[in-house]
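Convention: sequence-line order gives letters A, B, ...; per-chain numbering from 1. Worth knowing before you read on, the calculation uses all heavy atoms, side chains too, and leaves out hydrogens, waters and symmetry mates.
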Protein chains: 2
Amino acid sequence: MPGGPPWWHGKLRGWGYRMTIPRQVILDLLNRSSKHLSAEDIYLAVHRTYPGIGLTTVYRTLDLLEQMRLINKFDFGDGRSRYELSQGPQWRHHHHLVCTKCGRIIDYTDFVTEEVKLLDKIEEALTKKYNFKINTHQLHFYGLCEKCR
Amino acid sequence: MPGGPPWWHGKLRGWGYRMTIPRQVILDLLNRSSKHLSAEDIYLAVHRTYPGIGLTTVYRTLDLLEQMRLINKFDFGDGRSRYELSQGPQWRHHHHLVCTKCGRIIDYTDFVTEEVKLLDKIEEALTKKYNFKINTHQLHFYGLCEKCR
DNA sequence: AATGATATTGATAACCATTTCCATTTATAT
DNA sequence: ATATAAATGGAAATGGTTATCAATATCATT
């Protein structure tokens with residue numbers, strides 16, 4: 001992991017957690033990797049270089065990072081949760097197209113400006129109306145991808 | 001179940017399925033009931049009057065109805081799927097506010113007109129761009145409800 | 001740099017929602 | 001009424017996730 005201290009280093013400590021090897025490795029993977037990794041994906045990837053890191057720790061770390069809102073947890077209907085970094089230098093607001101046949105997921109960033117503008121407005125109104133503190137939102141489109149339609 | 005033949009009667013037959021007691025009972029419950037029932041909720045409710053109907057059949061029926069797109073399946077992060085009728089006389093387009101602490105779910109219908117307008121536009125564009133046949137969408141806001149915040 | 005208090009880990013076992021299996025029952029066309 | 005395939009339900013299996021707990025690692029303090 002070259003190139004100076006990762007941007008998330010201070011965060012864990014800020015929340016009173018310790019910076020451990022498993023946490024560094026998992027965060028580094030999430031930071032480098034593509035999208036929507038499952039706990040098993042992460043376990044296997046990490047296991048290649050750090051065979052000592054167990055699946056339990058992967059789950060625990062993901063829970064931790066989700067609570068800190070460093071990552072988002074998704075359910076695309078394939079029976080396992082999937083995780084994505086929710087911030088960082090290369091992060092962009094996006095949503096998901098989910099193929100209900102083959103499970104393929106397409107990230108799209110089209111219209112997010114308009115979308116986010118409307119969603120922000122809705123968020124604000126809902127917060128007031130229902131006295132609800134909104135932290136995140138998820139928008140998924142479900143259908144059939146090119147190959148499956 | 002008084003008041004003439006339910007609106008969904010023809011649908012099952014149209015798909016080549018048989019109209020059985022369990023299917024009638026489950027559909028009737030979904031039609032009368034409030035929202036976001038889990039498979040167990042449905043099993044228990046149905047079980048009171050029809051003890052013969054098994055949990056397996058509930059799951060199977062829900063799968064069937066989902067494939068027919070008579071119901072929508074949701075995951076709100078509490079470890080079980082939840083189901084709602086997706087049409088019918090009293091149905092209204094709505095989305096969900098999910099409390100991540102207590103699991104409470106609020107249905108809201110505010111802004112859906114604007115929202116649906118934008119989403120339709122996005123849907124159309126995404127369909128073209130990714131050659132993706134979009135069937136449904138889900139929008140959830142996550143946060144803390146009045147009591148939990 | 002060594003110590004100690006305590007947070008964290010990893011292996012195993014438990015959990016629990018959902019599925020699979022399969023023998024029995026039911027719906028419906030004839 | 002009968003035949004035939006669809007549908008059912010109970011038990012067992014599946015599989016992602018969580019709980020348990022002894023061993024280990026982190027880090028503030030010395």
Side-chain angles (χ1 to χ4, degrees), chain A residues 5 8-27 29 36-68 70-71 73-83 100 103, chain B residues 5 8-27 29 36-68 70-71 73-83 100 103:
Chain A
W8 62 73
H9 251 202
K11 300 243 177 190
L12 277 172
R13 304 308 310 278
W15 280 64
Y17 297 124
R18 295 179 179 176
M19 181 51 81
T20 68
I21 307 275
R23 285 171 185 171
Q24 287 184 52
V25 173
I26 291 170
L27 269 165
L29 173 66
H36 357 98
L37 300 176
S38 68
E40 197 190 3
D41 291 339
I42 294 169
Y43 169 70
L44 291 175
V46 153
H47 196 263
R48 278 193 239 107
T49 16
Y50 294 83
I53 297 177
L55 183 56
T56 307
T57 297
V58 172
Y59 275 108
R60 263 190 306 233
T61 303
L62 291 171
D63 282 352
L64 199 71
L65 299 177
E66 196 203 357
Q67 293 201 24
M68 294 172 59
L70 266 173
I71 62 174
K73 182 179 186 178
F74 295 98
D75 178 288
F76 295 129
D78 66 342
R80 72 203 60 206
S81 296
R82 296 184 173 276
Y83 303 85
T100 51
Chain B
W8 62 75
H9 252 205
K11 300 243 176 188
L12 276 172
R13 304 308 309 276
W15 280 64
Y17 297 123
R18 295 179 178 176
M19 180 51 81
T20 66
I21 307 276
R23 285 169 184 172
Q24 287 183 52
V25 173
I26 291 169
L27 270 165
L29 173 65
H36 354 100
L37 299 176
S38 68
E40 197 191 2
D41 290 340
I42 294 169
Y43 170 71
L44 290 175
V46 154
H47 196 263
R48 275 192 241 110
T49 14
Y50 293 83
I53 298 177
L55 183 55
T56 306
T57 297
V58 172
Y59 276 108
R60 263 188 309 235
T61 302
L62 292 171
D63 282 351
L64 200 71
L65 299 178
E66 196 202 356
Q67 293 202 24
M68 296 172 59
L70 266 174
I71 60 175
K73 183 180 185 176
F74 295 97
D75 179 287
F76 294 130
D78 66 341
R80 70 204 61 206
S81 296
R82 297 186 171 275
Y83 304 85
T100 51

Pick the nucleotide of DNA chain C nearest each of B:R80 and B:T20; which residue has the one closer to the 5' end?
-> B:R80
Separation of A:I21 atom CD1 from C:dT9 atom C1', in whole Å?
-> 12 Å
Starting at atom CG of B:L62, determine the distance to atom C1' of C:dT18, rounded to an integer number of angstrom.
-> 11 Å
To the nearest Å, give me how far apart OH (B:Y43) and C1' (C:dC16) are.
-> 15 Å
Using heavy atoms to find the nearest nucleotide of DNA chain D for A:Y59 and B:P51 separately, return the residue whose nucleotide is more 5′.
-> B:P51
Could you check how far NE2 of A:H47 sits from P of C:dT9, rounded to whole Å?
-> 15 Å
Between C:dG10 atom P and A:I53 atom CD1, what is the distance in whole Å?
-> 6 Å
Nucleotide of C:dG10, C:dT28, C:dT9 approaching A:T56 most closely (side-chain heavy atoms) | C:dG10
Decide side chain to side chain contact (heavy atoms under 4.5 Å, CB included) for A:M68 and A:L12; before the verdict, give the C-alpha distance in whole Å, the side-chain angles of both, and the deciding distance to 0.1 Å.
-> CA-CA 8 Å; A:M68 294 172 59; A:L12 277 172; 3.5 Å; yes
Mind checking whether B:L64 and B:R23 have side chains closer than 4.5 Å, heavy atoms only?
-> yes
State, yes or no, whether a side-chain contact exists between B:K73 and B:I71 at a heavy-atom distance under 4.5 Å.
-> no
Separation of C:dA17 P from B:D75 CG (nearest whole Å) = 13 Å
Using the test ring pair (Phe, Tyr, Trp, His ring centres under 6.0 Å), find all partners of A:Y43 that sit at least two apart in sequence or belong to another chain.
-> A:H47
Flag the pair A:V58 / A:L62 as yes when at least one side-chain heavy-atom distance between them is below 4.5 Å, and no otherwise.
-> yes
5'-most contact on DNA chain C (nearest-nucleotide basis), B:Y17 vs A:R23, goes to A:R23
Of all residues at least two apart in sequence or in a different chain, which pass the side-chain contact (heavy atoms from CB on, under 4.5 Å) check with A:R60?
-> A:T56, A:T57
Provide the start and end nucleotides, 5' to 3', of the part of DNA chain D that has atoms under 4.0 Å from heavy atoms of chain A.
-> D:dG16 to D:dA28
Euclidean distance, atom CZ of residue B:R82 to atom C1' of C:dT18 [Å, nearest integer] = 15 Å
Which is true for B:S81 with a 4.0 Å heavy-atom rule: it touches a base, it touches only sugar-phosphate, or it touches nothing?
-> sugar-phosphate
Measure from CZ on B:F74 to P on C:dA17 and round the result to the nearest Å.
-> 20 Å
Which nucleotide in the list C:dT18, C:dT19, C:dT9 gets nearest to the side chain of B:D63?
-> C:dT19
Give a yes or no on whether a donor-acceptor pair under 3.5 Å exists between the nucleobase atoms of C:dT6, that is its base, and the side chain of A:R18.
-> yes
Select base, sugar-phosphate, or nothing to describe what B:T57 touches, counting heavy atoms under 4.0 Å on all strands.
-> base
